[in-house]
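The figures that follow rest on heavy atoms only: side chains count, while hydrogens, waters and symmetry mates do not.
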Amino acid sequence: MRILIYSYNYYPEPIGIAPLMTELAEGLVKRGHQVRVVTAMPNYPERRIYDAYKKKLYLTEYKNGVQIQRSYVWIRPQPNLLDRVLLDASFVVTSFVPALMGWRPDVILATSPSLPVCVPTTVLGWLQNCPVVLNLQDILPEAAIHVGLIKNQLLVKAFTALEKFAYRTATKISVIADGFVENLLNKDVKANKIVQIPNWVDVNFIRPLQRENNSFRADHKLNDKFVVLYSGNIALTQGLETVVKAASKLRHIPDITFVIVGEAQGLQRLQQECQNCGADNVLLLPFQPREKLPEMLAAADVGLVVQKKNVISFNMPSKIQVLLASGRALVASVPDNGTAARAIKQSGGGVVVPPEDPDALAKAILGLYQHPEKVKALGYNSRQFAVEQYSFDQALNNYESLFYTMISDSPAIRSTVVSKQEV
C-alpha cells in the first residue's frame with residue numbers, strides 16, 4: 001500500500017503525537033508499505049521552529065524509509081488566540097502543496113489535533129479518489145472550549161461546523177479510547193464509521209529496567225531516593241502546581257524527591273511555584289533525549305499523571321501507556337469519571353486521587369513510600385497490562401487491517417492496487 005500520513009507533529013519532536021506517528025510510519029515501512037508524511041517544521045513543545053529548520057518554506061527528508069515533507073507554519077512561543085488560528089491556517093495552506101506533489105496514496109491518515117487538517121485531506125481524498133481515516137487524539141473544539149482556550153462565540157461556531165464537516169467527510173474515524181466512541185455516538189456519528197484503536201507503546205523500547213546502577217539517578221544525585229516522576233507537557237490542562245504543593249507537604253521526608261521534566265517555559269513557571277511553596281524537594285529538568293527515556297523512567301519509583309478538574313472526560317494522555325510499559329506504579333491526579341482514570345483502574349497499576357487536591361496526592365505518594373511491596377505489585381501489573389493491551393505490534397496490525405479493509409471496499413482503489421501488483 002501507499003499510505004499518506006498527514007500529521008502536524010512528527011520526528012524529531014519528543015513528546016505527544018510526534019513519537020506515535022513516527023513509530024507508526026516506520027512500522028508500516030518495515031512491513032513493506034510505502035509511506036510519506038506531510039508535516040510541519042518541528043517546533044513542539046518549545047513553540048519555536050527548531051534551529052536546523054528555520055528560514056525554510058519547504059523541506060523534504062528521508063528517515064528509516066519514510067519520506068517526510070515539511071512545510072512552514074506560523075508559530076509563536078506564547079500564542080494568543082489569533083496566533084493559534086494562524087498556526088492552523090498556515091499549516092492547512094502550506095502543507096497542501098507538498099501533499100499534492102507527492103505520489104498518489106491508496107489511503108490517507110489524518111491526525112487531529114489539528115482539526116482544520118480535515119480540509120486539505122478531504123480535498124486530497126476527493127481529487128485522488130482515496131479514503132481518508134481521521135485519527136482523533138483529542139476531540140476539538142469541545143476540549144478547547146471546556147478548558148477556556150476558545151471563548152469567542154464566532155470561533156466556537158466555526159470550529160463546531162468544522163468538526164461536523166470532519167466527521168461527515170471522513171471515510172472512517174479512528175479513536176484512542178472508549179470515551180471518544182461515546183462522545184461521537186452522542187453526536188450522531190454512525191457506529192460503523194468509528195474504529196477504536198488505542199495508542200500504543202513500544203514495549204521492547206520502553207521496558208522495566210533496574211533502579212540500581214541507573215545513570216539518570218547517579219547524574220542527578222537520586223541514589224537512595226524515593227523518586228516521584230512527572231515527564232511531559234506542562235500546560236493548562238495539567239495543573240502541575242498541584243504536584244509542587246503536594247511535594248511541599250512531604251518535604252519533611254528527605255528520602256522523597258519529586259522530579260518534573262518538561263519544556264523550559266513551563267519549568268520557569270514551576271520554579272516560581274516551588275519558591276512560593278518552599279518545595280525544595282522538587283528537581284526541575286529539561287526534556288531528555290528520547291534514547292534516554294527508558295532509563296529515566298526506570299529511575300522512578302512512582303510515575304505521575306496529572307490533569308485539572310475541568311479537563312473533559314474523554315482526554316487520554318499518551319504518557320499513561322509509556323508509564324505502564326516502564327513497569328512503574330502510577331499515581332493519577334485526574335477526574336474520577338474520565339477515560340484516564342478508567343484506564344489506570346483497569347490496569348491495576350496505579351492509584352487514582354481527586355484532581356487539584358495536593359493533600360490527596362501527597363497522602364497517596366506517602367502511602368506508597370511506606371509500602372514498597374505495594375509499589376512493586378503495582379509496577380508488575382502496569383507492565384503486564386501494557387504488554388497485553390498497548391503493544392505496538394497489536395496497534396500496527398489494527399491499522400494495517402483497517403487500511404486494507406478500506407481499500408477493498410473501494411473498487412477504484414482496489415483496481416489500482418491490483419494493477420500495481422501486476423506490474
Side-chain angles (χ1 to χ4, degrees), residues 12-16 19 45-46 201 205-235 238 240-306 317 319-320 322-333 350 358 361-362 364-366 368-370 372 375-376 378-379 382-383:
E13 294 174 340
I15 62 170
E46 294 86 355
V201 58
F205 176 61
I206 305 295
R207 62 198 188 279
L209 299 173
Q210 295 298 317
R211 289 168 66 256
E212 294 74 23
N213 300 318
N214 182 291
S215 62
F216 184 88
R217 277 182 164 262
D219 291 346
H220 300 290
K221 299 179 174 57
L222 296 171
N223 288 330
D224 302 321
K225 296 287 187 180
F226 185 86
V227 175
V228 182
L229 172 72
Y230 175 89
S231 176
N233 196 17
I234 303 172
Q238 274 76 44
L240 268 295
E241 291 79 7
T242 300
V243 176
V244 173
K245 290 173 183 175
S248 71
K249 296 178 183 299
L250 297 174
R251 63 182 183 271
H252 62 284
I253 305 175
D255 286 348
I256 300 178
T257 297
F258 287 72
V259 178
I260 299 177
V261 181
E263 71 274 14
Q265 189 176 328
L267 293 176
Q268 287 174 5
R269 190 177 77 244
L270 291 181
Q271 181 66 58
Q272 185 61 51
E273 186 70 24
C274 288
Q275 291 174 5
N276 295 342
C277 295
D280 56 1
N281 55 346
V282 178
L283 177 63
L284 302 174
L285 297 172
F287 280 120
Q288 305 296 298
R290 183 160 175 78
E291 61 270 16
K292 294 186 177 181
L293 182 59
E295 194 154 23
M296 181 187 77
L297 295 170
D301 294 275
V302 171
L304 293 178
V305 180
V306 187
K319 67 170 58 62
I320 290 176
V322 174
L323 288 170
L324 291 172
S326 70
R328 291 302 177 260
L330 275 67
V331 174
S333 173
L361 182 57
I365 291 167
L366 180 60
L368 292 177
Y369 167 72
Q370 293 171 337
V375 174
K376 187 175 181 180
L378 291 174
S382 290
R383 176 64 183 181

Validation row: [X], [Y] side chains within 4.5 angstrom (heavy atoms):
{"X": "Val306", "Y": "Val243", "result": "yes"}
{"X": "Gln271", "Y": "Leu284", "result": "yes"}
{"X": "Phe258", "Y": "Leu283", "result": "no"}
{"X": "Pro45", "Y": "Pro14", "result": "yes"}
{"X": "Leu361", "Y": "Leu304", "result": "yes"}

[X] side chain to [Y] main-chain N or O, any donor-acceptor pair under 3.5 Å?
{"X": "Glu241", "Y": "Glu273", "answer": "no"}
{"X": "Lys225", "Y": "Pro254", "answer": "yes"}
{"X": "Arg269", "Y": "Leu267", "answer": "no"}
{"X": "Glu295", "Y": "Leu293", "answer": "no"}

Sequence neighbours left out, cut at 3.5 Å: what donor-acceptor pairs do the side chains of residues 274-282 make with other protein atoms?
{"from": "Asn276", "atom 1": "OD1", "to": "Gln272", "atom 2": "NE2", "distance (Å)": "3.1"}
{"from": "Asn276", "atom 1": "ND2", "to": "Gln272", "atom 2": "O", "distance (Å)": "3.3"}
{"from": "Asn281", "atom 1": "ND2", "to": "Ala247", "atom 2": "O", "distance (Å)": "2.8"}

Least distance between heavy atoms, [X] atom then [Y] atom:
{"X": "Gly350", "Y": "Leu378", "value": "N-CD2, 3.8 Å"}
{"X": "Pro286", "Y": "Val261", "value": "O-CG1, 3.3 Å"}
{"X": "Val201", "Y": "Val322", "value": "CG2-CA, 4.0 Å"}
{"X": "Leu209", "Y": "Arg328", "value": "O-NH2, 3.0 Å"}
{"X": "Phe287", "Y": "Gly232", "value": "CZ-O, 3.6 Å"}
{"X": "Tyr230", "Y": "Lys319", "value": "OH-NZ, 3.5 Å"}

Approximate separation, where rounding is to 0.5 Å, of [X] [atom1] and [Y] [atom2]:
{"X": "Asn214", "Y": "Leu222", "atom1": "CG", "atom2": "CG", "value": "8.5 Å"}
{"X": "Arg290", "Y": "Met296", "atom1": "CZ", "atom2": "CE", "value": "10.5 Å"}
{"X": "Lys292", "Y": "Asp219", "atom1": "NZ", "atom2": "CG", "value": "7.0 Å"}

### Message
Between Leu250 and Ile365, does the side chain to side chain contact (heavy atoms under 4.5 Å, CB included) criterion hold? Intermediate values first, please.
### Response
CA-CA 9 Å; Leu250 297 174; Ile365 291 167; 3.9 Å; yes

### Summary
The ring-ring contact (aromatic ring centres under 6.0 Å, His included) partners of Phe226 (sequence neighbours excluded) come to Tyr369

### Task
In sequence, state the C-alpha distance, the side-chain angles, and the governing distance for Ser382 and Leu330, and then conclude on side chain to side chain contact (heavy atoms under 4.5 Å, CB included).
CA-CA 8 Å; Ser382 290; Leu330 275 67; 3.9 Å; yes

### Query
Crowded around Gln210 CD? As in, over 12 foreign heavy atoms under 6.0 Å?
no

### Message
Working note: Val244 + Leu270, criterion side chain to side chain contact (heavy atoms under 4.5 Å, CB included); need CA distance, chi angles, decisive distance, verdict.
### Response
CA-CA 8 Å; Val244 173; Leu270 291 181; 4.2 Å; yes

### Task
Show your reasoning for whether side chain to side chain contact (heavy atoms under 4.5 Å, CB included) applies to His220 and Leu285.
CA-CA 10 Å; His220 300 290; Leu285 297 172; 3.7 Å; yes

### Presence of salt bridge, Glu212 and Arg217, under 4.0 angstrom
no

